[in-house]
Structures are given as C-alpha cells and as structure tokens.
There are 2 protein chains.
Amino acid sequence: MTTTNPLGSAVGADDRVDNAGSAAQRERRKRILDATYDLAKDGGFDAVQMRAVAEQADVALGTLYRYFPSKIHLLVSALDQQFEDAQSRLQARDIPGDTPAERVLYVLKRLTRGMQGDPKLTEALTRAFMFADSSVASEIHAVGMSMTSIVTQAMHGGAVERDAITDDDVTLARVIGDVWLSALMAWVTGRSTAPETAAHMETAVRLILR
Amino acid sequence: MTTTNPLGSAVGADDRVDNAGSAAQRERRKRILDATYDLAKDGGFDAVQMRAVAEQADVALGTLYRYFPSKIHLLVSALDQQFEDAQSRLQARDIPGDTPAERVLYVLKRLTRGMQGDPKLTEALTRAFMFADSSVASEIHAVGMSMTSIVTQAMHGGAVERDAITDDDVTLARVIGDVWLSALMAWVTGRSTAPETAAHMETAVRLILR
DNA sequence: ACACAACCTAGAACGTGTTCCTATTATGGG
DNA sequence: CCCATAATAGGAACACGTTCTAGGTTGTGT
C-alpha cells in the first residue's frame, strides 16, 4: 500500500517526496510536473497524455511511470502540490474577516477564483482526484489534509499553533471541504456557473459555521 | 447537448427513457443494465468492460453504444435508476424519526448500508459519477435531483406534496447531498471505514439541520 | 407485397493508458 | 579506476474504450 520513488524509499502520506533523490531526479520530477501543468492548462484532462508528458518533460515513458505509477497518481500529485503551495502562501499572510465564516469564505473564494482562472487545469486535476481509486489513497489523503489545514487555519485567522485546533474544528473543516469539492465538481462538469458555485459555498459555510 | 435513444427521440433530463421504444428495445435496454449490474457487482468499475457488457446482454458492441454513448453514461444511468428505485421505495413508506435530522439520518444510513452491502457495485457507480464530464451533465443532473428529492422527502417525513418544499429545503438538501457523496467516496476509496462514514454523515447532518 | 428507412450484428481498426524488454548510461563501493 | 547495481532511454506490445464499415433484419407506409 506504499509506492516507492526512484530511490526505492517508501513514500507515505507524510513524506516530503520533493526533497528525495539526487538533484537530477528532483529536476526530472519537476520537469514532469511542469509538463503536466502545461498540457493540462491547455487541453484539460484528455490532453495530459502520458506519451506527451514524457516527451515534453524529456524523459522516457518508462521513467515517467517510475516516478508516477499512473496518470491519476500524476495528476493527484500535481493537485496536492498546488494545495500545499496555496497553503504556504496563506500561512504567510493575514486573513481578513471578523468571524470564522467570513475568513473561511474569503479563503475559499480566493482559492476558487484561482482555480476558475485556469478552467482546463482545474478540470484535469479535479477529475483525476474524483476518479482515483484506493491505490491512490495516500495521495488523496494528502490532498484532504492540505484542504482541511487550509480551512482550519482560515477559521482561526492567519497562522496558528497546531494545539489551538480542536477535533471539532477538524470535523467542521472536513464537512466544508466536502461541500467545496462537490461545488467545484458541479462547476467543472458545467452543471453550475461560477456565481452559483460561490453562492452555494457561501450558503453552506454560513450554515456550518453558524 | 442532447443524446438520442434508438428511436431518435431527444432525451432530456426529464424524459423517462425507460418507456420509450419498442418492447424489444426496452428489453435490450434492460438486458444491458442487468449485465452492467452483474459485472459491476462482481468486479467493480474495471470489470464493466463494454465488450463484456455487450456479450452478456447479447447485443452487438455497436448497439450497446447506440443505447449508451459511453461507459460513463452507462454507469451513471445505472446509478440514476438505483436512486429512482430507492426514492419510490421510500415514498411508499413512513419515515421514522421526530425531527428532520433524525429522519434524514435514518434514510441516509439506510441508503448507505444498502450501498455498502454491494461494495463493488457502489465503487463502479460512484466512480463513474465522479469521473463524468460535461457530456454527461443531464444524467448527472438527474441523479442530483433524485438525491435532493430523497433528502427533502426525508426532511418532511414520508410522502409530501411538492408545494411543501421550500427553496431553503432544497438548499439544505443539496449541501447534505454533497456531504453524503464525499463521505461515500471516502469510503469507496478506502480512506474511511463504514462506521467513520456513518459518524461523519451524522455530524454533518446534525450540523446542517440544527 | 414492395420499397425504404431505421436498426442490428459481427468484427476490424484506432487511440491512449499501461506493461515489458533490451541496450545504454549514471552512480556508488572497493 | 573498475565493477555491480540501479536508473534511464527507446520503443514494441498489450488492453480496453471508442469508432467505423459492410451486410443482414425488422418495421412501416403505400
């Protein structure tokens, strides 16, 4: 139930893969993820073809599969990285808003706008996340952790020590994350517009953080 | 943005496809869906292979594609049928519970238990639903309607005239549906156990229908 | 009964995710 | 520096979703 990176070290949900391996390997990994973003940004899920990723990243197809055992792993890893980037950007700044609900909404709307600015990329990452099966459990778990962490931080406003976050906070954050994902999915599949997505999220968050 | 059934009539979200076409065509459609259930029940999403479905349903591959334009359409249609069956079964009975939250939880837990009794089938249907893109929007919409309808009925307890259901009810029901789907997905992908799924749903519903 | 359209069957063919194989190239220990 | 091992390149091969083609069958209006 663990995957291995090119160095053969076990990669669990809590490992930071980014720093593993030689410099050349880190660069290969980066090239692969960059190629993935590029292709996804232009053509969405379908355009992220493994042969194309390999070619654009200048690695052999087999090497790509050694780094990411499937297209879904690749895309979910890309999503996770995006979330972690977003999270550290948020950690660095103060979150406006007087109540938890206001702050959470501020953060979620910001994130959502960001993702809606790159619809194809978002479509690719979201659909991969949704399609993932149990073999991608650890990557999915990592994404869930990032998302929960983003929401709990927003609830408390700005950077916060881990101790200040209760189990109840986490529960609330998870429910909010669920709603956010569903709303994002409805938008990605064209069932709802951007304003509807925002409104739905707003309703849900005010309901949950009442 | 509409598909056509074998008779060439437009099939929107509100049509009842089940009754369209000749008797032979209705039987073919049923054989296809039955084969889909069979294969999904045994082997999940991966086992629902179009060639296998066609063979087991005793139709040509091209015919299968005429009835359902993709594997995803096929599986989402199967999911929709399950939901509609569940809904009519619920409509026929009284829902126990003194508060909306109690009744909704009763119904959701019942549904969830039912789906967890057929893990492979649930995996197949849920993953198809999650993976669907905008070309499946109308089928997905139908599923969402069924789900919302199940929840609003539960909120009101038993059968209810359409007028009694307010926009607010629908909003609440949608949020609950979102959470339910996410919880189901977490269970399907092995990220949470059945009791955890139930607990998560319980928390969320009590929070939302407070 | 006939003509015509719609539908169906059987199976080839194609695209893309995935696996596999062989030769070549780093990498690290003696 | 040399060897053993792992990693990579290059590309063939395979699986399954999907499309397409050719010919047979069914149903319908006249």
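Protein chains get the first letters and strands the later ones, always in sequence-line order, with residue 1 at the start of each. Heavy atoms only: backbone and side chains are in, while hydrogens, waters and symmetry mates are out. Every value quoted in this text rests on a predicted model; they were computed, and no experiment measured them.
The interatomic distance linking Ile72(B) (CD1) with dG17(D) (P) rounds to 10 Å, in whole Å. Between the OH atom of Tyr67(B) and the C1' atom of dT19(D) there is a distance of 19 Å, given to the nearest Å. Going from atom CZ of Arg127(B) over to atom P of dG17(D) covers 12 Å, rounded to whole Å. For the pair Phe131(A) CZ and dG17(D) P, the computed distance is 10 Å after rounding to whole Å. Atom C1' of nucleotide dG17(D) and atom CG of Leu74(B) are separated by 12 Å, given to the nearest angstrom. Between the C1' atom of dA6(D) and the CZ atom of Arg28(A) lies a distance of 12 Å, rounded to the nearest Å. The CZ-C1' distance, from Arg29(A) to dT8(D), rounds to 18 Å in whole Å. One interatomic measurement links the two molecules: CZ of Arg66(B) to P of dT21(D), which rounds to 15 Å at whole-angstrom precision.
The distance from the CD1 atom of Ile176(B) to the CD1 atom of Ile150(B) is 12.5 Å, given to the nearest 0.5 Å.
You'll find that the side chain of Lys71(A) is closest to dG17(C), out of dT18(D), dG17(C), dT8(D).
Contacts between residues 46-59 of chain A and DNA chain D, defined by a heavy-atom separation under 4.0 Å, are made by Arg51(A), Asp58(A), Val59(A).
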Show which side-chain atoms of residues 110-120 of chain B pair as donor or acceptor with protein atoms under 3.5 Å away, not counting sequence neighbours.
{"residue": "Arg110(B)", "atom": "NE", "partner": "Tyr106(B)", "partner atom": "OH", "Å": "3.2"}
{"residue": "Thr112(B)", "atom": "OG1", "partner": "Leu108(B)", "partner atom": "O", "Å": "2.6"}
{"residue": "Thr112(B)", "atom": "OG1", "partner": "Trp180(B)", "partner atom": "NE1", "Å": "2.9"}

Residues 186-201 of chain B side chain polar contacts: donor-acceptor under 3.5 Å, at least two apart:
{"residue": "Thr189(B)", "atom": "OG1", "partner": "Met185(B)", "partner atom": "O", "Å": "2.9"}
{"residue": "Thr189(B)", "atom": "OG1", "partner": "Ala186(B)", "partner atom": "O", "Å": "3.3"}
{"residue": "Thr189(B)", "atom": "OG1", "partner": "Arg191(B)", "partner atom": "NE", "Å": "2.9"}
{"residue": "Thr189(B)", "atom": "OG1", "partner": "Arg191(B)", "partner atom": "NH2", "Å": "3.4"}
{"residue": "Ser192(B)", "atom": "OG", "partner": "Thr197(B)", "partner atom": "OG1", "Å": "3.3"}
{"residue": "Thr193(B)", "atom": "OG1", "partner": "Glu196(B)", "partner atom": "N", "Å": "3.3"}
{"residue": "Glu196(B)", "atom": "OE1", "partner": "Thr193(B)", "partner atom": "N", "Å": "3.0"}
{"residue": "Thr197(B)", "atom": "OG1", "partner": "Thr193(B)", "partner atom": "O", "Å": "2.8"}
{"residue": "His200(B)", "atom": "NE2", "partner": "Asp178(A)", "partner atom": "OD2", "Å": "2.7"}

task: Walk me through it: do Met145(B) and Phe83(B) pass the test side chain to side chain contact (heavy atoms under 4.5 Å, CB included)?
output: CA-CA 10 Å; Met145(B) 297 282 282; Phe83(B) 270 23; over 6 Å; no
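In this structure, Tyr65(A) has no ring pair (Phe, Tyr, Trp, His ring centres under 6.0 Å) partners at least two apart in sequence or on a different chain. Residues satisfying the ring pair (Phe, Tyr, Trp, His ring centres under 6.0 Å) test with Tyr37(A), not counting sequence neighbours, are none.
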message: Does the protein touch nucleotides 19-30 of chain C at the base, only the backbone, or not at all? Give it as B, S and - per nucleotide, heavy atoms under 4.0 Å.
response: B-----------
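Other residues, nucleotides and ligands place more than 12 heavy atoms under 6.0 Å from the CD atom of Glu202(A).
An OP1 or OP2 oxygen of dA9(D) is reached within less than 4.0 angstrom by a side-chain nitrogen or oxygen of Thr63(A).
Between the side chains of Ser70(A) and His73(A), at least one donor N or O lies within less than 3.5 Å of an accepting N or O. A side-chain donor from one of Ser149(A) and Gln87(A) sits under 3.5 Å from a side-chain acceptor of the other.
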